[in-house]
Amino acid sequence: MSIGDIPSAILPSILFICALAILRSDKGAFDAFLDGAADGMRTTAKLLPSLCALIVATSMMFASGLADDIASALSGVFGAVGLPSEITPLLLTHPISGSASMASFSELLSRCGPDSGASLVASVIMGSSDTVIYVLSVYFSSVNVKRTRHAFPVALIAMIFCIFASSLVCRLFFDM
Amino acid sequence: MLGKCFSLITIASFVYSVITGRLHLLSSAILDGAERAVTLSYSLLGVMCLWSGVMALLRAAGMITLLSRILRPVLRLVFPYAFRTGVARDEIVACVSANLLGIGNAATPLAISAMKKMRDDSLSDEATDDMVTLVVLGTAPPNLFPSTLIALRRAAGCTDPYSVIVPIWIVSTLTSALGVALCRACASMRRRT
């Protein structure tokens, strides 16, 4: 077994551990699973309204040609720093909202092809950073903290680093 | 926030399509988009169900507690004040563990209760060192298994949806490490001045 086989072994192994946990414990464990699954269903259902609005908005952005024109206007800059310009809509929406970035991500995958270089870079960015501006505002506003000191600049630097690291690591891992 | 995002994109697209004469393309794109939102949610539903169930089970079986015990020595260096005084320590450890497992739903309330405890301790509207570090970790959490992303990739028809996991491990670990290092550097710079 090589390192490349590990990812596809994770899910079956986790389910194996779950099955053991259910057998070992009293009947509470499977109830916990059912409760959690119902929760996941509710979360997905609750996601649909905002996902609907944002997917409609992003598909308008693509149909109007705005997304492609922004991407091609920035392609010189992006090319110079080694990023695929197709990921521009994702980079604009990803920091702000989870459903908006899901919308641009699935649009990107269907337009560029799910196995294209841009899709791979976009996947790694999606998996390695969260919605930066959203998290900052939710965490701080929940406790009414106004002077956030170095939080914003550090989060921004980490996000920019993440974008470039994603493209670099993808180029090392995949033929692109 | 979401409303503004929606309005901005919609208005910009509308105006742009009028200028470029593509207005007639928009109406079918709008209906397509609404339809795609349903197919996307539909294809996510099963995985979200399974994954939330699995995570609830592992949580009930004490997985977060176990992970917390493993993480404690590392987090001692990342949140020195919380570990010295005990303020919000358990919430912070549980929050980081939940993020690591990719349970965002569980991580956010834990993070907010950690923030509340730290706020009650500092009695100021200025963020403490530990608060900033927790927020930065929340914006770029290390990620062991990005379940939603895998589901999205599968729905889009990737030949190998799992191929990005090892790159994500590398990039997310490096990003979190950089964020934490910068936070610690800023904190110690401030103490010196």
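Quick note on labels: first sequence line is chain A, next is B, and so on, each numbered from 1.
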Region of B:Leu45 that comes under 4.5 Å of a non-hydrogen atom in chain A = both
query = Side-chain contact, heavy-atom cut-off 4.5 Å: A:Phe152 with B:Val132?
reply = no
task = With a 4.5 Å heavy-atom cut-off (strictly below), which parts of residues 67-94 of chain A touch chain B? List them by number.
result = A:Asp69, A:Thr93
query = Which answer fits A:Ile125, side chain, backbone, both or neither, if we ask what part of it has an atom under 4.5 Å from a heavy atom of chain B?
reply = neither
request  = Measure the shortest side-chain to side-chain distance between A:Ser64 and B:Tyr16 over non-hydrogen atoms and say whether it is less than 4.5 angstrom.
outcome  = yes
Part of A:Phe62 within contact of chain B (heavy atom distance under 4.5 Å) = neither
message = Measuring from atom CD1 of B:Ile170 to atom OG1 of B:Thr175, what distance do you get when rounded to the nearest 0.5 angstrom?
response = 11.0 Å
query = Is there side-chain contact between B:Ile165 and B:Ile150, with heavy atoms separated by less than 4.5 Å?
reply = yes
query = Of the backbone (N, CA, C, O) and the side chain (C-beta and beyond), which part of B:Leu174 lies under 4.5 Å from a heavy atom of chain A, both, or neither?
reply = both
remark   = Bottom line for B:Ala12: the part with an atom under 4.5 Å from chain A's heavy atoms is both
query = Does CZ in A:Arg147 sit with more than 12 non-hydrogen atoms of other residues, nucleotides or ligands closer than 6.0 Å?
reply = yes
message = With chain A as the partner, which of B:Ile112, B:Leu182, B:Leu25, B:Val135 has the greatest number of non-hydrogen pairs under 4.5 Å?
response = B:Val135
message = I'd like to know which of A:Gly127, A:Ala158, A:Ala151, A:Pro153 tops the heavy-atom pair count under 4.5 Å against chain B.
response = A:Gly127
key: Atom CZ of B:Arg22: over 12 foreign heavy atoms under 6.0 Å   = yes
ask   = Are the side chains of A:Ile22 and B:Leu57 in touch, meaning some heavy atoms are under 4.5 Å apart?
value = yes
query = Under a single-linkage rule joining Ile, Leu, Val, Met, Phe, Trp and Tyr whose side-chain heavy atoms are separated by less than 4.5 Å, which residues share a cluster with B:Phe14?
reply = A:Val56, A:Met60, B:Val18, B:Leu23, B:Leu26, B:Ile30
message = For B:Glu126, I'd like to know if atom CD has over 12 heavy atoms of other residues, nucleotides or ligands within 6.0 Å.
response = yes
key: A:Ser59 (side chain) donor-acceptor with B:Ala29 (main chain) under 3.5 angstrom   = yes
key: Proximal component of B:Leu40, with respect to chain A [non-hydrogen, under 4.5 Å]   = side chain
query = Out of A:Ile55, A:Leu15, A:Val138, which one racks up the most heavy-atom pairs below 4.5 Å with chain B?
reply = A:Ile55
message = For A:Phe173, which atoms come within 4.5 Å of any heavy atom of chain B: side chain, backbone, both, or neither?
response = side chain
query = For A:Ile14, is it the side chain, the backbone, both or neither that has a heavy atom under 4.5 Å from a heavy atom of chain B?
reply = side chain
inquiry  = I need the A:Glu107 CD to A:Thr58 OG1 distance, nearest 0.5 Å.
reply    = 5.5 Å
task = Would you tell me whether B:Ser13 and B:Thr10 have side-chain atoms, one donor and one acceptor, within less than 3.5 Å of each other?
result = no
message = Check this for me, if you would: do B:Asp160 and B:Arg153 make a salt bridge, where the nitrogen-to-carboxylate-oxygen distance has to be below 4.0 angstrom?
response = no
inquiry  = Which residues in residues 99-106 of chain A have any heavy atom closer than 4.5 Å to a heavy atom of chain B?
reply    = A:Ser99, A:Ala100, A:Met102, A:Phe105, A:Ser106
B:Val136 versus chain A, the contacting section by heavy-atom distance below 4.5 Å = side chain
task = Enumerate by number any residue of residues 161-171 of chain A whose heavy atoms lie under 4.5 Å from heavy atoms of chain B; in the absence of such residues, state 'none'.
result = A:Phe161, A:Cys162, A:Ala165, A:Ser166, A:Val169
query = Would a 4.5 Å heavy-atom cut-off, applied to side chains only, mark A:Asn144 and B:Arg119 as touching?
reply = yes
request  = Sort A:Ile10 into side chain, backbone, both or neither according to what part of it lies under 4.5 angstrom from a heavy atom of chain B.
outcome  = side chain
query = Side-chain donor-acceptor pair under 3.5 Å between B:Thr159 and A:Asp115, yes or no?
reply = yes
ask   = Is it the side chain or the backbone of B:Thr128 that comes within 4.5 Å of chain A heavy atoms, both, or neither?
value = backbone
task = Say whether, by atom type as modelled, one donor and one acceptor occur between the side chain of B:Arg89 and the main chain of B:Ala82 under 3.5 angstrom.
result = no
message = Please classify the contact between B:Asp120 and chain A as side chain, backbone, both or neither, with a heavy-atom cut-off of under 4.5 Å.
response = neither
ask   = Are side-chain heavy atoms of B:Met115 and B:Leu134 found at a separation under 4.5 Å?
value = yes
query = Would you say B:Arg69 has more than 12 foreign heavy atoms packed within less than 6.0 Å of its CZ?
reply = no
query = Of the backbone (N, CA, C, O) and the side chain (C-beta and beyond), which part of B:Ala156 lies under 4.5 Å from a heavy atom of chain A, both, or neither?
reply = both
